[in-house]
Amino acid sequence: MTHNSQSARVNSQLELLIARTAGIVLAPRRTFSRLTGKLDFIAPAIIVVIVFIGFQLTMLPDIIDRYSSANLYEWYEEMKIERTSEIDRQIEMLSHAAPYLAIAEVISAAVVMILGMAGVSVILYMIGGLGFNKWIDFSRVLSMFVWTSMINSFAKLLSIPLKLINSDWSLPTNLSLLLTPEVVGSYLSNVLVVMDFFLIWQAILMSIGMSVIYGVSVQRAAGAVGTIFICSAVLNALFMGMVQ
């Protein structure tokens with residue numbers, strides 16, 4: 001009897017998860033209105049993290065290759081660091097530890113993503129409290145944002161088969177595809193990379209979600225979300241430029 005009740009509960013939770021996932025796409029306003037906060041963010045957060053890690057694992061060979069002795073020697077030469085026996089020993093240690101370092105990179109990227117979701121939720125919470133003059137349970141804001149993050153998970157799920165075939169392949173979903181090869185890597189190119197279809201879709205859903213949970217118009221919510229989106233695009237472009 002207990003086993004049957006547990007199975008029924010699991011099936012009920014799974015059906016709810018599927019219904020809400022479909023609802024985010026087909027009926028976002030109704031779906032957001034039914035988010036009560038509490039633990040509503042746990043299931044989508046687990047899915048988002050698992051998909052993100054799966055996507056990162058497809059790039060594991062490239063990450064490991066960065067720690068190969070040939071690439072490390074090339075990096076030291078670019079940095080104009082004189083080659084010594086100590087440098088050779090360090091390169092040998094790093095190349096041997098490459099698989100573990102690559103796994104550590106994947107895990108750290110997942111942790112950064114989780115912190116990023118929490119950080120954006122805090123910003124949205126502060127905007128709601130200070131801008132819309134309404135302080136609500138933070139878990140409702142967190143749940144709303146995590147559910148919108150499922151959209152990016154769709155994009156990564158679609159990208160995984162492409163990455164498995166060729167690590168250089170990616171979904172043609174951002175505006176950088178309109179640029180000529182000569183300007184790839186420029187600041188404009190980095191901005192357009194962030195202007196991704198799925199990110200814009202998520203921003204629209206965030207606007208709807210903020211409108212629902214704070215009881216404001218979609219236009220007013222979109223103004224706040226749009227500001228965050230533009231600022232993040234500019235900052236991401238600057239960061240990508242520094243890394244390059």
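What you see below is based on every heavy atom in this structure, not just the backbone, and it leaves out hydrogens, waters and symmetry mates.
Annotation: the span from M59 atom CE to D65 atom CG amounts to 14.0 Å, rounded to 0.5 Å. Separation of atoms CD1 (I151) and OG1 (T21) is listed at 9.5 Å; rounding is to 0.5 Å. Going from atom CD1 of I200 over to atom CZ of F229 covers 5.0 Å, rounded to the nearest 0.5 Å. For the atom pair OG of S149 and CE of M206, the computed distance is 8.0 Å after rounding to the nearest 0.5 Å. The line from OG1 of T31 to CE of M144 is 13.0 Å long, rounded to the nearest 0.5 Å. Taking CG of L142 as the reference point, atom CG of L124 lies at 10.0 Å (rounded to 0.5 Å).
Side chain of S33 to main chain of R30: a donor-acceptor pair is present (N/O by atom type, distance under 3.5 Å, no hydrogens or angles). Checked by atom type and distance alone, the side chain of S211 never pairs as donor or acceptor with a backbone atom of S207 at under 3.5 Å. W147 places no side-chain N or O within donor-acceptor distance of the main-chain N or O of P28, the cut-off being under 3.5 Å.
When the ring-ring contact (aromatic ring centres under 6.0 Å, His included) test is applied to F32, no partner is found at least two apart in sequence or on another chain. Applying the side chain to side chain donor-acceptor pair (under 3.5 Å) test to R34 and every residue at least two apart in sequence or in another chain returns nothing. Here I165 pairs with W169 under the side-chain contact (heavy atoms from CB on, under 4.5 Å) rule; sequence neighbours left out. With sequence neighbours left out, the ring-ring contact (aromatic ring centres under 6.0 Å, His included) criterion links F138 to Y125.
The shortest distance between side-chain heavy atoms of Y214 and V141 falls below 4.5 Å. Residues V218 and R29 meet the side-chain proximity criterion, which asks for heavy atoms closer than 4.5 Å. By the 4.5 Å heavy-atom criterion applied to side chains, L17 and I47 are counted as neighbours. In this structure the side chain of I127 reaches within 4.5 angstrom of the side chain of I228, judged on heavy atoms. No side-chain heavy atom of F154 sits less than 4.5 Å from a side-chain heavy atom of V51. In this structure, M126 and I123 have side chains that are not in contact, with every pair of non-hydrogen atoms separated by 4.5 Å or more. Counting heavy atoms from C-beta on, the side chains of N152 and V48 never come closer than 4.5 Å. Counting heavy atoms from C-beta on, the side chains of I103 and L60 come closer than 4.5 Å.
Between A221 and V216 the shortest heavy-atom distance is CB-CG2, 4.2 Å. Taking every heavy atom of both residues into account, V146 and A45 meet most closely at CG1-N, 3.4 Å.
Sorted by first and then second residue, the side-chain hydrogen bond (donor to acceptor under 3.5 Å, both in side chains) pairs involving residues 96-118 (not counting sequence neighbours) are R66-E105, Y67-E105. The salt bridge (charged side-chain N to carboxylate O under 4.0 Å, His left out) pairs that include a residue from residues 199-226 number zero, where partners must be two or more places apart or lie in different chains.
If you chain together hydrophobic residues whose side chains sit under 4.5 Å apart, M113 and I42 fall into the same group. The cluster map of Ile, Leu, Val, Met, Phe, Trp and Tyr, joined by side-chain heavy atoms under 4.5 Å apart, puts F197 and I204 in the same cluster. Linking ILVMFWY side-chain heavy atoms closer than 4.5 Å, directly or via other members, places V106 and V112 in two distinct hydrophobic clusters. Linking Ile, Leu, Val, Met, Phe, Trp and Tyr whenever their side-chain heavy atoms come within less than 4.5 Å puts M150 and V25 in one cluster. Both V225 and L130 belong to a common hydrophobic cluster when Ile, Leu, Val, Met, Phe, Trp and Tyr are linked at side-chain heavy-atom distances under 4.5 angstrom.
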### Verdict with supporting geometry, L199 and Q202, side-chain contact (heavy atoms from CB on, under 4.5 Å)
CA-CA 5 Å; L199 283 177; Q202 183 181 3; 4.0 Å; yes
### Task
Check step by step if side-chain contact (heavy atoms from CB on, under 4.5 Å) holds for M210 and F132.
CA-CA 10 Å; M210 291 288 282; F132 303 149; 3.8 Å; yes
